[in-house]
Structure formats: C-alpha cells, structure tokens
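Heavy atoms only: backbone and side chains are in, while hydrogens, waters and symmetry mates are out. These numbers come from a predicted model, not from an experiment.
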Amino acid sequence: MIFDGHSDIFSDVRVKRDAGETQVLKNHHLDRLRKGNIEGACFVIWVDTYNGLPPQEEMKAILRAAKAEMAESEEAVLVHNIAEIEAAKKAGKFYILPGIEGLSGIGEDLDAIHALYDFGCRHAMLSWNEENALATGVKGDPARGITALGKRAIRMIQDKKMILDVSHLNERSFWDVMDAATGPILASHSNARALASAARNLTDDQLMAIRDSNGIVGLNAFNDFVSDQHENQDVAHFVQHACYIADKIGIEHLAFGFDFFEFLSTDSMKSYSDQEDSLLAGLEDCSKVPAMMEQMKKAGFTDRDIEMVSCENWMHLIAHVLG
C-alpha cells in the first residue's frame, strides 16, 4: 500500500462544499484513491490567491470546509501520529495527515500556528511560491531568504513536533532553513534538478542536505517537474527521477508526493504551468500508480525498495517527528 505525501484534495473539498455538496471525499475521491492502492495521504491547506481572496480568508475557508467534511465522513479519518495511523488501517479507514502548504495565511501572527496545530496540522511549509512575512518561495526575489520572523516560526514548528517542508522555497530560503532547523527535513513534492530544470526541483547539494538531515524527498508527478521536453513528460521519465534520487541519496530517503491535480479547475492551474495539458502521460491521476510501480520494478527496484518508497520511509519520518 502507498502513502501520498502531498495532495490538494482539501481544496477540491472546499470548492465543492461551497457549491452545496457534501460527502466530497466519498463521492469524488476515495474510489480512485483505493484503485491506486493509496491507503493514506498528507492533505494540505493550500493557501494560494488564484481566486482573489486574501490568504487569511482562503486559509480559513479551506479549514472550515475540511472540518465540516471530516465531521461527516465515515470512510476517512484525520491522524496525528503512528498509533492513530495504525488504528485507522486496522479499522479499514483512509487516513489523512493534515498539513499547511504555505503560511501566508497567518500573516505575522505566529500564534496562528497553534490554531493550525489544534485543527490537526502536523506538517508545514513556510511559503508557497510567494514572498511572505516568513520566507521566500521560488517565484520571489532570489536574493531574499528566511526572515527573522521565519526563523521564529521554524523553532515553533519544530518545538510543536510538526514536519517542516521545504518544497516551495527558493534556494536562499532552503539553505536558511537548513542552517536554522534541527531534525529531519522534508521536500514533499520535488524532483531532481539534474533531470528537469523546474525551479522547485532540487540540486544535488540540496538532495544531499536533506539526506544528511535524515529527511525524505517525495517524487512529484507534475509534468514540468519530470522533463523540460513535453514529449518526455511521461511515467518512464518519472521513474528516471526515482532512480536518480535513490542512487544519489539512498532508497531510505525517497518517497512519493505525487501532487495530483486532475480534479482542480483549469483556472487554478494557471499558477503552475502555461501548457494546456499539464498532466503526466501514464500517471495522470492516482488510479495509475500501480502501473507506475510495475515500471519501477522493470527499472530495477526490488519489492523491498518499493515497500520503502511507497510507505515505510514516510512512516519512519512520521514516527521520528510526530511519535
């Protein structure tokens, strides 16, 4: 079975519940997740401004929708540690580790991190692609890094035993985090810069820094992160990233953070890519993951390797940070 380290499904929950729907997970997502052998995932609160709302309002809107959805769901449950994950698996429930994809929604109010924790968030990124009061994402000023307030946020996040994620940070902010943080660092949905030049892909030095922190890197299925050439944006080249990162930093530091988005509106994807078709050929959604795993086996990954990448490495990180 597989743990997906990055999913924006809570954004879809928010959109559909705002339109009057209920039971969004059951009616739109769980069957596809089960078909892909996805037993659990990190569902993030994605604080973007593509719909025109201020970040604070966007964050609150998704939190409200997610809370309402989980209150009525019988098939899925929020989890906060390994014991709760094991209990969810035993009960046959899909388990969700809540996270926050960018802290622009808190402004300069670090106390808001406590509220996110109380909701259930056990994972946090300082920024999405933007510059904010804490840090600088990949679309911000390359000379700007983590702010003094951001360093305080790092300490708070780690003191609260939340997983710290660097996937959207620019390089200056990445290295500032590595200097300021302690413990394992996560890049939940980033690939290898050596194989594709996407700004959020990781250089070899960044990969090795995450390895040295005892962290993990989650493979991203977004096509621009797989290859610069559209004709090579397919599952075979996705597997090449798996091979490259495993060879570079060790299989114990590789995981999945697919970032599937086929359920999001076209407008919401304008922040990501100018291409009309941004899906990865052969890995368009989570139902295609089992076929991708067969490609990994053909590329030389053993059954044991695949167990580690599919779930075990994520569980080790969760156990280490969250308990």
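Two residues are said to be in side-chain contact when any heavy atoms from C-beta on lie closer than 4.5 Å; Val226 and Gln240 fail this criterion. A heavy-atom distance below 4.5 Å is not found between the side chains of Phe10 and Glu101. The closest side-chain heavy-atom distance from Ile106 to Leu116 is below 4.5 Å. The closest side-chain heavy-atom distance from Met315 to Ile85 is below 4.5 Å. Side chains of Ile210 and Phe174 form a contact here, defined as non-hydrogen atoms less than 4.5 Å apart. Contact check for Glu72 versus Gln23: side-chain heavy atoms found under the 4.5 Å cut-off. In this structure the side chain of Asp8 reaches within 4.5 angstrom of the side chain of Asp259, judged on heavy atoms. Between His253 and Asn313 the shortest side-chain heavy-atom distance does not fall below 4.5 Å.
Of the possible donor and acceptor atoms, one in the side chain of Ser310 sits under 3.5 Å from a partner among the backbone N and O of Ile306. Looking only at distances, no side-chain donor or acceptor of Asn81 sits under 3.5 Å from a matching main-chain atom of Gly323. A distance-only check finds no donor-acceptor pair linking the side chain of Arg200 to the backbone of Ser190 [under 3.5 Å].
Salt-bridge check for Glu171 with Arg193: passed, with a basic side-chain N closer than 4.0 Å to an acidic carboxylate O. Between Glu69 and Lys16, no side-chain nitrogen of the basic residue sits less than 4.0 Å from a carboxylate oxygen of the acidic one, so the salt-bridge criterion is not met. Taking 4.0 Å as the cut-off between side-chain N and carboxylate O, Asp305 and Lys297 do not count as a salt-bridged pair. Using a 4.0 Å cut-off between charged side-chain N and carboxylate O, Glu58 and Arg14 make a salt bridge.
Residue Glu284 comes nearest to Glu262 through the heavy atom pair O-OE1, 3.7 Å, listed as atom of the first residue, atom of the second, then distance. Closest approach of Ser188 to Gly5, counting heavy atoms only: CB-O, 3.8 Å. When all heavy atoms are compared, the tightest approach of Thr22 to Asn27 is O-ND2, 3.3 Å. The two atoms that bring Leu97 and Val79 nearest to each other are CD1-O, 3.5 Å, heavy atoms only.
Connection of Leu207 to Val239 is established within a shared hydrophobic cluster, with ILVMFWY side chains joined at heavy-atom distances below 4.5 Å, either directly or through further cluster members. Linking ILVMFWY side-chain heavy atoms closer than 4.5 Å, directly or via other members, places Leu63 and Leu110 in a single hydrophobic cluster.
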When you look at Asp176 and Ser173, which way does the side chain to side chain donor-acceptor pair (under 3.5 Å) test go after all the steps? CA-CA 5 Å; Asp176 285 350; Ser173 292; 5.2 Å; no

From CA spacing to verdict: side chain to side chain donor-acceptor pair (under 3.5 Å), Ser197, Asp228: CA-CA 7 Å; Ser197 65; Asp228 296 335; 3.0 Å; yes

For side chain to side chain donor-acceptor pair (under 3.5 Å), just list the numbers for Ser287 and Asp285, CA-CA rounded to whole Å, side-chain angles, deciding distance to a tenth of an Å, and then say yes or no. CA-CA 6 Å; Ser287 70; Asp285 62 54; 2.4 Å; yes

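In this structure, His6 and His189 have parallel ring planes: the angle between them is below the 30° cut-off, well short of the 60° mark.
Interatomic distance, Ile96 CD1 to Asp4 CG, rounded to the nearest 0.5 Å: 11.5 Å. Here the CD1 atom belonging to Ile245 is positioned 11.5 Å from the CD1 atom belonging to Ile216, to the nearest 0.5 angstrom. To the nearest 0.5 Å, atom CD of residue Glu252 and atom NE2 of residue His316 are 10.5 Å apart. The SG atom of Cys121 sits 9.0 Å away from the CG atom of Leu103 when rounded to the nearest 0.5 Å. How far NE2 of His168 is from CG of Asn129: 5.5 Å, rounded to the nearest 0.5 Å.
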Would you list the atom pairs, donor with acceptor, under 3.5 Å between side chains in residues 34-44 and any protein atom, with sequence neighbours excluded?
{"unit_1": "Glu39", "atom_1": "OE2", "unit_2": "Tyr95", "atom_2": "OH", "d": "2.7"}

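Scored by the ring pair (Phe, Tyr, Trp, His ring centres under 6.0 Å) test, Phe258 finds Phe256, Phe260 as partners (sequence neighbours excluded). Taking the ring pair (Phe, Tyr, Trp, His ring centres under 6.0 Å) definition, one finds that His29 meets it with Phe263, sequence neighbours left out.
Heavy-atom contacts from other residues, nucleotides or ligands closer than 6.0 Å to CD of Gln229 number more than 12.
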